[in-house]
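Quick notes on the structure that follows.
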Amino acid sequence: MVSSSSCTSSRAARALAACAWAIVLLGSAALAAASDGAGGVSANPPLPGFSPPTAPPPAIPADPPRPAPRAHAAAAPLTRKILRPPGVGGEDSGIAGGGGVGGVEARPNRMSEGCAGPEDIAIYQGHTTPLPNGVPAYRVDVVNRCASDDGACAIAGIHVRCGWFSSVSLVDPRKFRRVRHNDCLLNDGRPLLAGETISFEYANSFPYRLSVAVATCVDPNASP
């Protein structure tokens, strides 16, 4: 017959053996899980149709702020001053004209220098009251600016470069008329005395560039 003490020690030995096997199994499972994680295999595979969250891309550094452009002060417009001898009528608005040869402005005074022909003739033109139908109108003043002690400053045969000059309104042909292209006759060819001004008006959609082409000094006593 087996005694009770031997039965008790037999049971204790089996319990210890079972505990040892349990510890061995748990250690094996832990080692397997650790090796799976080191090999890159996920212990918990993702569910079908589900994408695991990915890490956001690295932020791109923003450009440094650029300095604001410097404001430049606007340049003041240059003003044009047109010299005009006293006593010349008409409204001067800076429309291209000119006196002398090729539109070169004549000298303001030529006292005691004698007659110089084209250089002594100055042409000025500017806007005047438009026609009732709205066509712009222009006033032209032609001045003999020669002055001498003996008064010998009469200038005749004054021809003006005028392009295809024409006017909607009538211009007195005795004062100004076109002879041919770019050739207009002033004062019907008669002399313009020292300090004398002849004026006329014309109407067109644009002003004409007028400049003296030919002018001849003559004896004022011999003029008709």
Side-chain angles (χ1 to χ4, degrees), residues 82-111 113-132 135-224:
I82 299 179
L83 298 178
R84 189 168 188 167
V88 177
E91 179 185 356
D92 193 349
S93 63
I95 295 176
V101 180
V104 178
E105 195 70 28
R107 282 172 282 179
N109 294 300
R110 293 181 49 81
M111 183 67 69
E113 293 185 11
C115 180
E119 294 183 6
D120 287 327
I121 302 298
I123 301 177
Y124 303 95
Q125 67 172 318
H127 291 280
T128 187
T129 305
L131 299 184
V135 177
Y138 308 93
R139 177 184 173 91
V140 180
D141 300 312
V142 184
V143 187
N144 180 357
R145 298 195 298 184
C146 175
S148 63
D149 295 337
D150 56 4
C153 274
I155 301 176
I158 303 172
H159 288 257
V160 177
R161 301 181 186 92
C162 57
W164 289 106
F165 179 84
S166 63
S167 175
V168 176
S169 59
L170 179 64
V171 178
D172 187 348
R174 294 172 297 179
K175 291 185 175 182
F176 194 77
R177 68 176 183 270
R178 180 165 59 85
V179 179
R180 62 183 64 86
H181 173 250
N182 209 30
D183 183 13
C184 291
L185 183 63
L186 183 76
N187 199 29
D188 207 20
R190 297 190 301 271
L192 199 63
L193 303 180
E196 189 176 4
T197 299
I198 185 169
S199 303
F200 62 91
E201 294 183 2
Y202 71 94
N204 208 322
S205 57
F206 57 90
Y208 288 90
R209 292 186 61 89
L210 306 176
S211 62
V212 179
V214 178
T216 305
C217 298
V218 296
D219 183 0
N221 299 321
S223 60

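Counting all heavy atoms, side chain and backbone alike, Ala215 lies closest to Pro118 at O-CD, 3.4 Å. A pairwise comparison of heavy atoms in Leu131 and Ala203 identifies CD1-CB, 3.6 Å as the closest pair. Nearest heavy atom pair, residue Cys115 against residue Cys146, reads CA-SG, 3.8 Å. Of all non-hydrogen atoms in Ala154 and Leu193, the two that sit nearest each other are CB-CD2, 3.8 Å. Between Ser205 and Val135, the shortest heavy-atom contact is N-CG1, 4.4 Å. The two residues Arg139 and Thr128 make their nearest non-hydrogen contact at N-CG2, 4.1 Å.
Remark: Phe165 engages Phe176, Tyr202, Tyr208 in a ring pair (Phe, Tyr, Trp, His ring centres under 6.0 Å) (not counting sequence neighbours). In this structure, the side chain to side chain donor-acceptor pair (under 3.5 Å) partners of Asp183, at least two apart in sequence or on a different chain, are His159, Arg180. Every residue two or more places apart in sequence or in another chain that forms a salt bridge (charged side-chain N to carboxylate O under 4.0 Å, His left out) with Asp172 is listed here: Arg174. Considering only residues two or more places apart in sequence or on other chains, Thr216 meets the side chain to side chain donor-acceptor pair (under 3.5 Å) condition with none of them.
Within the 3.5 Å criterion, the main-chain N or O of Ser199 finds a donor-acceptor partner in the side chain of Lys175. Proximity of a side-chain donor or acceptor of Asn144 to a complementary backbone N or O of Leu192 within less than 3.5 Å is detected.
Of the listed residues (Ile158, Val143, Val212), just one forms a side-chain contact (heavy atoms from CB on, under 4.5 Å) with Ile123, and that residue is Val212.
Rounding to the nearest 0.5 Å places OH of Tyr138 at 8.5 Å from CZ of Phe206. Put simply, CG on Asn187 and CD on Glu196 are 6.5 Å apart, with the number rounded to the nearest 0.5 Å.
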Legend entry - CA sep, side-chain torsions, deciding dist, call: Leu210, Gln125, side-chain contact (heavy atoms from CB on, under 4.5 Å): CA-CA 9 Å; Leu210 306 176; Gln125 67 172 318; 4.1 Å; yes
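For residues 155-186, the set of pairs meeting the disulfide (SG to SG under 2.5 Å) definition, not counting sequence neighbours, comprises Cys162-Cys184.
Residues Ser166 and Asn204 form a side-chain contact, since some pair of their non-hydrogen atoms from C-beta on lies under 4.5 Å apart.
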